[in-house]
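Note sheet for the following structure.
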Amino acid sequence: MAKIQMTTPLVEMDGDEMTRILWQMIKDELILPFVDLKAEYYDLGLKYRDETDDQVTVDAANAIKKYGVGVKCATITPNPARVKEYNLKQMWKSPNGTLRAMLDGTVFRTPIIVKGIEPNVKSWKKPITIARHAYGDVYKNSEIRVQEPGTAKLVFTAADGTVTEEKIFEFEGPGVLQGVYNIDDSIESFARSCLAYALDLKQDLWFATKDTISKTYDREFKEIFEKVYEEEFKDAYEKAGITYFYTLIDDAVARVMKSQGGFVWACKNYDGDVFSDMLSSAFGSLAMMTSVLVSPNGYYEYEAAHGTVQRHYYKHLKGEETSTNSVATIFAWSGAMRKRGELDQLPALVDFADRLEKATIDTIEEGTMTGDLVLLTTLENVNKVNSLDFIRAIRAKLEEA
């Protein structure tokens with residue numbers, strides 16, 4: 001069979017640990033036999049990020065700006081234990097945080113629904129899409145460890161030399177300080193992306209912050225969302241029969257747990273990080289979640305929303321068999337190829353992406369799945385397979401198609 005041809009490269013970003021092993025399996029079994037893959041490769045594995053002083057992450061972000069579409073494997077964000085384990089020069093920041101800061105935009109995460117994997121929240125009948133702001137906040141913070149008594153102030157020096165300051169706290173002993181920021185342009189693009197995405201889906205949009213406590217920072221998010229909605233989207237929403245809904249974040253959590261689903265939930269950066277994991281786990285598995293960064297500049301970056309599956313990687317290094325779920329990583333590849341096909345007007349590539357996703361879902365629904373799903377499924381007489389055999393079962397389905 002002739003391979004599907006690509007015209008423009010996509011940006012391929014390799015990762016760490018067990019997901020790096022799955023990454024190569026997916027390419028070998030599900031991509032390269034069917035597609036004449038054109039990709040500009042960047043190794044975002046922790047060792048190479050350390051070797052390049054994290055320049056490789058910056059280079060990858062710039063490549064996405066050049067080509068428009070990227071696909072990323074899960075990566076390690078090092079903590080002190082990882083610094084020691086990998087003998088790192090320093091505790092490098094999250095590569096996802098670096099990419100999102102450079103590309104801006106919004107991360108949309110949606111559970112992958114399959115028959116036999118029922119949501120833990122019984123009222124949920126439809127997927128809930130998390131829209132996560134992908135700029136600033138705690139991911140680009142500045143921190144200080146305070147060792148002695150003193151006064152902490154928030155100070156802003158304007159370009160003309162004017163100084164504005166606000167006392168934060170009078171320390172009487174050791175403690176910690178953290179400074180975060182955001183900018184109106186990014187918040188506005190976040191609002192516009194969320195409102196447009198929900199309108200495309202014909203679903204309600206929820207947005208929540210804690211503006212009753214954060215009367216300047218969070219209130220800015222609330223007011224910008226309301227302004228963009230009123231000026232640009234209100235008529236279209238009313239015509240489509242959908243609503244934009246704002247509430248406090250704690251109220252939103254309570255409402256979500258009693259909802260039927262079928263809406264887009266916009267969250268600030270950290271909230272979106274936490275609640276997307278909650279949703280994916282409640283819908284079934286962290287490995288059953290799509291994730292795409294959509295930039296207002298027309299860049300798209302697809303990734304698996306989960307971690308590097310460290311425990312399975314250590315088993316793999318010992319030569320032990322693993323049964324690791326690769327669905328989210330497969331859907332990252334299919335999402336990137338679909339978008340590449342749409343942008344380059346290559347219907348065969350779009351069709352291949354659709355078939356790859358269908359083959360993956362059909363494989364699970366017919367009873368062949370990895371160990372994490374075996375523990376969750378309501379299907380009977382299922383077949384638990386190892387990591388590679390699961391991918392090969394999908395390939396068999398794909399070849400049938």
Side-chain angles (χ1 to χ4, degrees), residues 104-113 119 121-135 184-212 218-269 271-276 278-280 282-284 288-298 300 302 305 331 335 338-339 342 354 357:
D104 199 0
T106 303
V107 177
F108 294 95
R109 290 179 172 172
T110 307
I112 300 165
I113 304 299
V121 181
K122 298 187 185 302
S123 64
W124 290 353
K125 307 300 181 186
K126 303 173 185 177
I128 298 169
T129 297
I130 285 279
R132 174 187 173 187
H133 191 205
Y135 182 86
D184 284 5
D185 283 349
S186 182
I187 300 170
E188 189 171 310
S189 70
F190 171 47
R192 193 170 288 111
S193 295
C194 294
L195 288 158
Y197 196 88
L199 183 60
D200 286 343
L201 294 179
K202 298 295 187 290
Q203 293 183 350
D204 293 345
L205 174 67
W206 295 18
F207 179 52
T209 67
K210 193 68 171 176
D211 66 289
T212 53
D218 280 19
R219 186 174 293 274
E220 187 75 358
F221 278 81
K222 175 186 177 182
E223 291 180 351
I224 287 176
F225 259 78
E226 290 176 351
K227 177 176 181 291
V228 174
Y229 172 70
E230 291 289 338
E231 293 180 357
E232 302 179 28
F233 289 91
K234 184 176 181 180
D235 291 344
Y237 266 54
E238 291 176 352
K239 184 176 180 181
I242 59 176
T243 60
Y244 164 65
F245 171 70
Y246 175 82
T247 188
L248 297 175
I249 189 66
D250 43 347
D251 180 56
V253 172
R255 288 172 179 264
V256 164
M257 299 306 291
K258 295 181 179 180
S259 76
Q260 293 188 354
F263 57 89
V264 179
W265 182 12
C267 295
K268 289 170 58 188
N269 206 342
D271 294 342
D273 190 4
V274 173
F275 291 129
S276 64
M278 182 272 287
L279 280 177
S280 61
F283 268 104
M288 301 290 288
M289 192 88 160
T290 65
S291 181
V292 55
L293 170 68
V294 181
S295 165
N297 297 309
Y300 298 83
Y302 296 81
F331 272 62
R338 180 184 294 107
K339 180 54 65 176
E342 290 171 355
D354 292 342
E357 291 180 2

Is the closest side-chain heavy-atom distance between L205 and Y229 below 4.5 Å?
no

Does any pair with a residue in residues 252-263 pass salt bridge (charged side-chain N to carboxylate O under 4.0 Å, His left out), and if so which ones, sequence neighbours excluded?
D251-R255

Measuring from atom CD1 of I130 to atom CG of L279, what distance do you get when rounded to the nearest 0.5 angstrom?
4.5 Å

According to salt bridge (charged side-chain N to carboxylate O under 4.0 Å, His left out), who are the partners of E226, at least two apart in sequence or on a separate chain?
none

Test side chain to side chain donor-acceptor pair (under 3.5 Å) applied to T110 - qualifying residues, sequence neighbours left out:
T129

Residues in ring-ring contact (aromatic ring centres under 6.0 Å, His included) contact with Y302, at least two apart in sequence or another chain:
none

For a quick test of reading the model, state the closest non-hydrogen atom pair linking K268 to T209 and the distance between them.
CD-CG2, 3.9 Å

Taking only residues two or more places apart in sequence or in another chain, which ones pass ring-ring contact (aromatic ring centres under 6.0 Å, His included) with F331?
none

Can you sort out the partners of E357 under salt bridge (charged side-chain N to carboxylate O under 4.0 Å, His left out), two or more places apart, ordered by chain and number?
R338

Taking only residues two or more places apart in sequence or in another chain, which ones pass salt bridge (charged side-chain N to carboxylate O under 4.0 Å, His left out) with D185?
none

Got a list of side-chain donor-acceptor pairs under 3.5 Å for residues 259-267, not counting sequence neighbours?
{"from": "S259", "atom 1": "OG", "to": "V256", "atom 2": "O", "distance (Å)": "3.0"}
{"from": "S259", "atom 1": "OG", "to": "G261", "atom 2": "N", "distance (Å)": "3.3"}

Aromatic rings F207 and F225: how do their planes relate, parallel, tilted or perpendicular, breaks at 30° and 60°?
parallel

Do the ring planes of F283 and W124 sit parallel (below 30°), tilted (30 to 60°) or perpendicular (above 60°)?
parallel

In terms of heavy-atom contacts, S123 and M257 come closest through OG-O, 3.4 Å

Report the residues that fulfil side chain to side chain donor-acceptor pair (under 3.5 Å) with E231, sequence neighbours left out, ordered by chain and then residue number.
K227

How many angstroms lie between atom OH of Y135 and atom CD1 of I187, to the nearest 0.5 angstrom?
10.0 Å

N/O donor-acceptor pair under 3.5 Å between R132 side chain and N269 backbone
yes

For D204, give me all partners under salt bridge (charged side-chain N to carboxylate O under 4.0 Å, His left out), at least two apart in sequence or on another chain.
none

Is a side-chain N or O of T243 found less than 3.5 angstrom from the main chain of F245, in a donor-acceptor match?
no

Looking only at heavy atoms, which two atoms of K125 and K122 are closest? And how far apart?
NZ-O, 3.3 Å

Begin with the C-alpha distance, continue with both residues' side-chain angles, and end with the deciding distance and a verdict on side chain to side chain contact (heavy atoms under 4.5 Å, CB included) for D250 and K210.
CA-CA 8 Å; D250 43 347; K210 193 68 171 176; 2.9 Å; yes

Please test E220 against I224 for side chain to side chain contact (heavy atoms under 4.5 Å, CB included), starting from the C-alpha separation and ending with a verdict.
CA-CA 6 Å; E220 187 75 358; I224 287 176; 3.9 Å; yes

Apply side chain to side chain contact (heavy atoms under 4.5 Å, CB included) to T247 and W206, showing your working.
CA-CA 8 Å; T247 188; W206 295 18; 5.7 Å; no

Considering non-hydrogen atoms only, spot the tightest contact between V228 and E188 and give its length.
CG2-CG, 3.8 Å

Contacts of type side chain to side chain donor-acceptor pair (under 3.5 Å), residue D211, not counting sequence neighbours:
Y246

Show, in sequence, the C-alpha distance, side-chain angles and deciding distance for S280 and R109, and conclude whether the side chain to side chain contact (heavy atoms under 4.5 Å, CB included) test is met.
CA-CA 9 Å; S280 61; R109 290 179 172 172; over 6 Å; no

Check residues 193-201 and write down every donor-acceptor pair under 3.5 Å in which the side-chain atom is one partner and the other belongs to a residue at least two apart or another chain.
{"from": "S193", "atom 1": "OG", "to": "S189", "atom 2": "O", "distance (Å)": "2.9"}

Over all heavy atoms of both residues, which pair between S186 and H133 is shortest? Give the atoms and the distance, please.
OG-NE2, 2.9 Å

Using a 4.5 Å cut-off on heavy atoms from C-beta on, say whether the side chain of F275 contacts that of V253.
yes

